[in-house]
Amino acid sequence: MAILELAGVSAGYGPVRVLHDVNLSVNPGERLGLVGLNGHGKTTLLSAIVGLTGWQDGSIIFEGRQIGGRRTHGMGRTTPNIVRQGIALAPQGDAIFPGLTVRENLDSGAYTRATWRSRRSRCDHVLDVFAPLRPLLRQTAGTLSGGERRMVSVGRALMADARLYLVDEPSLGLAPKISLGLVAALCEINIGDGAMIIAEQNLPLLNGRVDRVLGMHAGELKQDVGEALGDIPPAAEAMAQGMHHGRAL
Amino acid sequence: MKRAQISLFAASVATASMLLAACGGSSESSETAAAPAAPSEAAAPSEAAAPSEAAVPGEPIVIGLPIAQSGPAGIADHKDCWNGAILAQEEINANGGVNGRSIELDVTDIDILTPEGITAGFQKLTGDGVSALVSPFVIIPPAAMEVAGPYGAPYLSGDTNIDAQNIRSGDPAKYGNYFVDPPETYYGSGFVTFLSQLQESGKWTPKNNKVDIIRGDTAYNQNIAQATIDAIKASGGAWELGEVIDITAGTKDWSPVLQKLAANDAGAIMVDHWIGAELASFSQQFAAAPVDGSLVYLQYGPSQPEYLEIAGDSAEGFVWGTVIGTGNTSAEDKAFRAAYQAKFGVDDKSMGLVYPAWCYDMVNVLANAWATTDPADFAAVNAFIAANPINGVTGFLDFTNGVTPLYPTEIDDPTKGVTHYFYQVQGGRHTVIAPDNDAEAAFVPPAWMK
Amino acid sequence: MDVVFSALLLASMYGLVAIGISFTWASIGMLNLAQGFIFTAGGYTAFLFAEIASTYGLEGVALSVGLIVAGMLGSAVAGLAVGAVAFLPLQDRDNFRTRSLIATLAISLIGTQVWLIFFGPQNKPLPPIFGTGRTEIAGSGIGNGQLGAIVVAVLMLGAVILWMRSSRAGLQMRAMMMNPLGAAVVGVSVRTTGMRVLAISGALTGLASVLLAQTFFVSPTSGVQPLTVGLIISLAGGLGSIPGTVAAAGLLGLAEALTARYLQQSLVPFVLFGIVVLILIFRPRGLGGLLEDVRE
Amino acid sequence: MSKQPLIGRRSWRPSWPVNTEKVFKRRRYLGTKRSVLRLSGSYNPKTLRRELVLTDKKPTFWLIGLLLMLVLPIAVSNERFFALFGIICIYAAINVMWTLIIGTAGLQSFATLATVGVGAYGAAYLSITYGVPWPLMLIIGLFLGALMGFLISLPARRLDGLYYALLTLGLSEFCRNFVTQSDQLGGKFNGALFGVDRIVPSDLMTSWLGQVLLYISAFALLLVALAVFRWVNGGRLGLLLRASATNREDEAFSSAIGINFQRARTWVFMIASAALGAIGAFYAAYIGGTSLQVFSLDLLLLMLAMIVIGGLGRAEGAVIGTIIVVGITQWFTEWGPWRIVLVGVLALLSVLYTRNGIFGLKAQLKEIRQRRQALHRAGLTSRYAEFLPQQAPDIHDKAMIVGRTFERKLRDRLRGWITPVIIEEHRRKPLGQHSDHLERILNYFRQGPIPDKYAVYCEEPFTSYRVVALSGVPGVPPRVVDDKVYPSLDEAYHAVFLRRVNDLRSS
Amino acid sequence: MPLLTCSDITLDLGGRRILEGVSLEVGQAEVVGLAGPNGAGKTSLFEVLSGRQLNHGGDVTFDGVSVRKLTMRERVELGLVRSYQRPIVPAGLTVGETLKAARKAFKPHPSRLRLEWAAEFVRLRAQMDQATGSLETLERRKLMLAALLVRDPKIVLLDEPASGLTGSEIDEIDLVVRKLAQEFGISVLLIEHRLELLAMVASRVLVLDVGAIIAEGPPETVFTLPAVRQAYFDVPILDAISLGISDE
């Protein structure tokens with residue numbers, strides 16, 4: 001049975017409709033890549049799953065429970081409930097708590113009553129993945145660099161005892177070398193029979209690391225990734241070669 | 001009449017708002033432009049509100065009462081006044097009214113803190129065509145006089161304000177309809193006189209002749225403080241000014257003041273502040289840590305019903321005074337108290353001692369005048385009130401100068417003026433201790449003076 | 001020593017009121033100008049409780065505890081009511097800060113008049129909670145009422161701050177202070193937490209109300225002064241900073257006590273305003289206002 | 001008015017047929033480029049007749065509304081009505097200036113009434129003590145207000161919005177305490193000063209003429225306040241401040257283009273404060289005195305309720321809000337405390353259910369309507385046309401949607417036809433007779449817009465050709481798209497074809 | 001003489017050293033690129049050069065005079081303007097009003113023709129009465145550029161003008177940058193992650209890493225230097241990430 005089943009999901013903000021009748025099903029143990037250009041609805045799709053859009057319509061079934069449906073009221077009102085059912089989101093932009101220490105930030109990811117007790121061991125586990133955070137545990141998160149913040153943000157999502165991890169644009173605004181490392185780390189994490197969706201603009205970053213890649217274009221899902229990426233942004237290697245051309249083709 | 005005014009206002013506001021609302025955008029249809037016809041039709045009835053029309057024989061005579069009900073100040077006193085007026089009105093109406101006409105009260109809310117609020121309240125009443133105005137204090141009397149003066153109907157006010165009375169005497173032609181109680185400055189001179197009399201009577205031997213004054217921040221209290229200081233100077237060394245301690249309204253912690261008082265150790269302490277609840281708080285804290293042997297005088301505030309209720313046992317032994325209070329010795333006073341307490345379900349402890357009596361008296365003054373004059377003839381009524389003093393529960397109401405004279409400071413004859421009462425809390429109730437001919441009991445030194 | 005007691009009393013009362021304002025601001029971004037209404041609500045509830053208790057002849061410790069609990073409960077309920085009107089419906093609308101500010105203003109405008117209509121303009125006293133006697137400490141006397149108020153206030157403040165620092169719910173509230181979106185993402189419901197915050201700060205205000213009613217009584221407008229003082233303290237302390245607020249309460253309480261004792265009572269407002277201006281000149285975000293920097 | 005032909009979905013505008021013989025002369029306000037009441041001449045595209053069109057109804061409504069406000073009290077000639085509308089005018093003037101501070105300058109200052117109070121007390125005190133006549137009082141008030149504005153604007157740069165708001169709130173309290181305790185200003189009537197030189201001599205005061213004059217003076221004050229608002233908000237200062245509104249992004253932008261928004265804010269604040277000071281002096285001269293209540297929190301709350309109910313940041317909102325609130329509180333005095341409750345409820349309702357008071361309602365309704373349309377349209381466009389979904393609501397031209405939908409369908413079809421066979425066919429013979437599908441594809445390519453259209457550039461005839469892209473702008477040379485050089489024209493043609501095919505595929 | 005020079009810039013933010021002894025020169029009508037991994041301090045350097053960040057060590061000279069103490073706005077008046085990474089435009093204005101605000105920002109006000117020229121120059125495709133909020137990224141960037149060019153600046157600092165744009169949109173920016181330098185003699189200092197754009201327009205590229213300049217040279221060669229490749233392209237081991245420094 002699919003862990004997540006989207007049927008006819010439309011969503012948007014205010015007068016704007018960003019997603020159009022999206023159908024998607026994610027299987028247990030699957031790592032799914034979601035690629036597409038800016039503004040074509042990747043973030044909105046992930047936000048819709050946790051109810052962070054302005055309004056949405058359609059059915060989202062997570063582990064047999066309906067978490068979507070028709071909603072027009074405020075953004076983020078149902079999010080905490082959905083998150084507590086076992087979905088962890090590392091949002092675009094670092095939604096970390098700048099005044100708390102790194103440890104407190106990570107702890108806050110284990111918010112539910114059950115995970116709260118095991119937060120120490122979970123924290124160790126996350127620090128194994130993101131080793132650079134270990135010496136920074138007592139530091140205030142607001143003073144971290146962009147890469148470290150992103151690690152805290154993703155690490156916080158990993159603290160939860162989730163069945164479905166959603167990671168939004170791990171590479172955004174990061175230098176190629178850092179983003180590559182981050183994505184590689186993400187893809188090595190053992191998710192068991194849970195699932196993970198990584199939204200990413202940079203297709204080569206995901207190549208070969210995820211089980212399946214879907215494209216996103218103008219608010220619709222495309223099986224054909226090339227169609228979604230009219231212009232595939234160059235990966236690091238391609239950039240170096242592409243310098244001699246007028247534009248990257 | 002009221003309905004006409006409401007609809008007049010509503011129509012104009014609706015029109016204006018529709019029009020200005022249309023300014024907000026451009027694509028609205030222009031049909032709203034047809035609206036201006038409405039207000040001029042609605043305007044017609046309000047012109048009928050000329051005062052002369054109110055006096056059709058057989059119809060009730062209307063007294064206007066501006067009573068503060070919503071603002072942050074004075075509501076308790078104003079409510080007292082309202083009650084007193086209701087009592088008088090019902091008594092008069094029960095006795096067949098005035099010349100067969102009943103008396104009616106036209107009550108409106110008034111914002112006594114802003115000139116425009118006072119103007120609005122008074123204009124509401126003059127617009128209704130009342131035959132007289134009875135008002136407890138307003139904070140800014142000139143604003144009220146500005147409306148009431150030209151209107152001409154008798155305006156009986158509880159403003160103890162020397163400057164308002166100066167304005168009246170400066171232009172008697174314009175403000176000849178303004179009848180008031182004695183100004184606040186008498187609190188000062190009366191207090192010093194009281195101290196001297198008390199000392200002479202032998203009931204109290206002051207430990208020293210110093211007088212400390214705790215001064216509140218309103219002009220009212222500052223005037224009283226100044227009058228007290230002047231009176232102390234005029235006493236020729238019998239009394240000596242101690243320290244003047246300034247406080248602000250809203251004082252909750254009196255300990256700094258108490259510490260200063262203890263350090264000064266004056267023979268008499270005057271708390272020149274008018275808010276009953278804060279005086280109650282003072283009483284509580286003073287009673288807990290008193291200055292031994294000092295006589296404490298609180299200004300008019302304890303007349304408010306809440307004082308005794310809040311201060312409770314701590315209030316015992318404090319002295320206070322008022323220039324327009326209710327006595328408890330004469331038959332009229334007792335009858336009034338009994339009637340008032342029966343009607344409003346209060347007792348001696350929880351009855352206001354100033355404004356119920358004053359407003360009760362004022363309605364009676366008016367009824368007395370209307371018995372022989374035409375209520376619509378304001379000049380005649382005013383002349384009658386000025387020329388014919390009557391005996392009320394606050395004392396002898398003689399408005400010869402528009403101001404009732406005060407016994408015993410201004411005149412010596414208790415039958416020729418209203419009385420400056422001094423009370424002491426004895427056995428949990430306010431007991432008149434001065435002047436002598438009205439006293440229920442003698443001054444009893446409180447616990448800290450024994 | 002008298003001055004010290006004065007200062008302590010003022011500081012603890014100020015602290016209780018200001019911390020409610022500061023706390024609400026920090027966690028849900030709402031400047032609660034209905035704090036005065038919440039304050040009077042606590043007072044009136046305690047007053048009603050006292051009325052009922054006197055008919056049943058309740059006395060002594062039971063009465064005292066009952067009064068405090070009733071006051072805190074009443075204010076907490078009032079806090080929830082304010083939340084239901086000014087927080088829940090507006091919470092995810094744009095311009096929430098301005099909107100909620102105006103909504104709370106309207107509530108305080110309405111609240112005062114409602115008290116006036118139902119309870120009349122008279123001040124209402126509460127029975128003494130800590131007795132009327134005096135205690136001698138270090139050579140100077142202090143009323144039991146004041147002493148009890150200081151002790152209870154300090155204990156309660158300490159408990160709340162400790163709870164904020166160490167518990168899961170505290171972490172959740174602090175997380176929401178920093179980043180409401182992030183909090184939602186980790187499963188903290190802004191709405192429930194917000195209401196909880198309002199209830200807790202309401203309860204603290206109610207405590208202040210009951211304790212202050214010992215000397216200050218309850219009246220429809222008795223909330224205005226605590227509100228302005230609370231605003232000034234939380235301003236000087238740096239909105240949203242709890243240690244800063246406590247420090248500011250101590251500083252201003254001491255300043256007020258010293259001014260009233262050695263200068264004139266009437267100079268107190270000027271001195272307090274001057275100190276706040278000075279603080280803001282040197283620290284534009286108040287004594288502890290670091291939080292604002294990291295929020296956004 | 002002629003019969004109004006409805007063309008498309010153009011919004012309805014009132015228009016009048018004009019004499020076709022005469023040249024239409026646009027009347028302008030003196031010294032500006034604005035036409036009177038925004039009347040302009042235009043052709044009706046349907047009847048092809050000339051018309052006089054009211055392009056913006058706002059000025060007309062302002063005119064009617066203000067005229068009504070002027071005439072209404074005079075027509076009614078009721079003493080109470082004069083007083084009510086007089087005080088409405090003064091409060092409205094204060095609120096308009098406050099709107100300038102909060103809306104235009106974006107400073108959350110609550111010291112408005114404090115400034116008014118300082119102007120009023122200063123002018124009243126001088127008038128009482130030295131017999132200063134009222135015109136001089138206004139000037140004194142102006143200076144006091146400007147001084148006050150300067151002092152208050154000092155901390156604005158340093159302090160954060162909310163801190164500033166609370167500090168200015170404290171300032172009112174400070175002023176109140178100061179006046180209360182000052183023996184000179186605290187005066188005779190519990191903080192109120194009375195006996196100021198009045199605008200209308202007191203012997204005229206009770207007459208009808210005096211009342212009318214007094215009211216007209218208050219009305220003139222409102223007009224001046226509105227004029228100042230218009231002048232500042234619509235002028236350069238207003239523009240600069242709107243460019244650097246309130247959030248940090250806007251401020252970053254405006255400092256990038258060199259706007260000194262701090263100075264502009266201070267200026268607006270000073271202007272508004274000076275006006276407020278003058279209004280204070282006017283108030284003192286109008287009422288004959290002033291009271292402590294100007295510094296109180298209660299009045300400030302009521303004022304705030306006024307601008308909230310009307311709609312924050314708009315002059316018309318300030319005026320209407322004032323009319324409603326002052327009307328309720330000063331006219332229905334017999335309702336007692338309930339009328340304050342009513343004001344509170346109105347403020348609460350406007351904050352809960354409207355976006356920006358009464359004047360936000362229209363835009364709000366419009367937005368609801370638009371959102372419904374946009375959702376519908378977005379549903380259409382997502383299936384057929386090529387839009388980013390975000391764009392959909394901004395497209396009002398239906399023809400554009402139809403056009404794009406057609407384009408999209410066409411491209412989908414053409415894309416399906418592009419096969420290796422077709423490409424091979426073109427490679428073999430770029431010019432000449434082609435199969436039907438290729439011909440259609442080529443036709444589509446030929447129709448493309450000139451900007452960025454690929455073209456062949458001949459470096460050296462018969463040996464060296466390159467592919468370029470046209471700029472689309474006359475005088476701007478084409479740019480070279482890549483380094484490749486083609487030896488023959490046919491190969492260059494085919495390269496262009498391949499590029500276009502590639503673009504078609506990726507579109 | 002170079003138009004803009006800075007020497008030995010050091011900058012500390014929140015207890016971290018962001019820039020360490022950075023010196024650079026930009027000549028008249030020269031296009032200089034600035035590259036480097038995220039967190040290298042590129043934007044911070046812009047903040048220093050543009051005067052938004054004044055608490056730094058070292059000196060900034062523009063057009064022969066030291067502008068060390070001048071604020072951003074004062075530098076704008078001298079002809080040193082910058083853009084931002086995010087395509088920010090005033091939210092409450094229309095396109096025309098935005099340009100008008102730029103024209104009227106300070107005296108002397110350029111003529112309206114100048115404004116039209118600027119809009120035309122960047123090929124702004126927007127109605128003058130269109131709300132800026134409805135513009136797309138590219139048009140926003142162009143509007144920002146046009147607003148900057150109204151003032152006839154001497155140097156423009158562009159912070160990632162191509163981020164968030166597609167290939168053909170980048171071409172338009174490319175064209176504008178080139179014309180600025182070649183036809184109007186305006187110098188350009190350019191931060192860009194899209195190396196292909198840098199390669200096309202810049203005559204010289206500086207590579208910044210960890211707050212210091214590690215390489216400088218023409219774009220054809222500079223990216224092939226081992227130090228640059230190591231900092232920029234090589235797939236890292238995770239432990240090395242901790243060196244990254246925020247440039248926000």
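Below, chains carry the letters A, B, ... as their sequence lines are ordered, and counting in each starts from 1. Below, each value reflects all heavy atoms present in this structure, side chains not excepted, and no hydrogens, waters or symmetry copies.
Residues that satisfy the side-chain hydrogen bond (donor to acceptor under 3.5 Å, both in side chains) test with D/Arg355, not counting sequence neighbours, are D/Glu367.
Heavy-atom neighbours of E/Gln127 CD from other residues, nucleotides or ligands within 6.0 Å: at or below the threshold of 12. Atom NZ of E/Lys179 has more than 12 heavy atoms from other residues, nucleotides or ligands within 6.0 Å.
Side-chain N or O atoms of E/Arg141 include one that pairs as donor or acceptor with a backbone N or O of E/Gln85 at under 3.5 Å. Of the possible polar contacts, none joining the E/Glu120 side chain to the E/Trp117 backbone as a donor-acceptor pair under 3.5 Å is found.
Using modelled atom types, one finds no donor on one side chain facing an acceptor on the other under 3.5 Å when comparing E/Ser83 with E/Asp159.
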Can you give me every donor-acceptor pair (side chain of residues 254-264 of chain D, partner residue at least two apart or in another chain, under 3.5 Å) with its distance?
{"from": "D/Ser254", "atom 1": "OG", "to": "D/Asp250", "atom 2": "O", "distance (Å)": "3.3"}
{"from": "D/Ser254", "atom 1": "OG", "to": "D/Glu251", "atom 2": "O", "distance (Å)": "3.0"}
{"from": "D/Ser255", "atom 1": "OG", "to": "D/Glu251", "atom 2": "O", "distance (Å)": "3.0"}
{"from": "D/Ser255", "atom 1": "OG", "to": "D/Ala252", "atom 2": "O", "distance (Å)": "3.1"}
{"from": "D/Asn260", "atom 1": "OD1", "to": "D/Arg263", "atom 2": "N", "distance (Å)": "3.3"}

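Taking the charged nitrogens against the carboxylate oxygens, E/Asp174 and E/Arg178 do have a contact shorter than 4.0 Å, which makes a salt bridge. Between E/Glu160 and E/Arg86 there is no salt bridge, since none of the side-chain N atoms of the basic residue sits less than 4.0 Å from a carboxylate O of the acidic one.
Residues from residues 70-78 of chain E that place a non-hydrogen atom less than 4.5 Å from a non-hydrogen atom of chain D comprise E/Met72, E/Arg73, E/Val76, given in numerical order. For residues 94-112 of chain E, heavy-atom neighbours of chain D at less than 4.5 Å comprise E/Glu97, E/Thr98, E/Lys100, E/Ala101, E/Ala102, E/Lys104, E/Ala105, E/Phe106, E/His109, E/Arg112, sorted by residue number.
For E/Ile88, the parts lying near chain D are the backbone and the side chain together; criterion is any non-hydrogen pair under 4.5 Å.
Taking 4.5 Å as the limit, some side-chain heavy atom of E/Leu19 sits within range of a side-chain heavy atom of E/Leu45.
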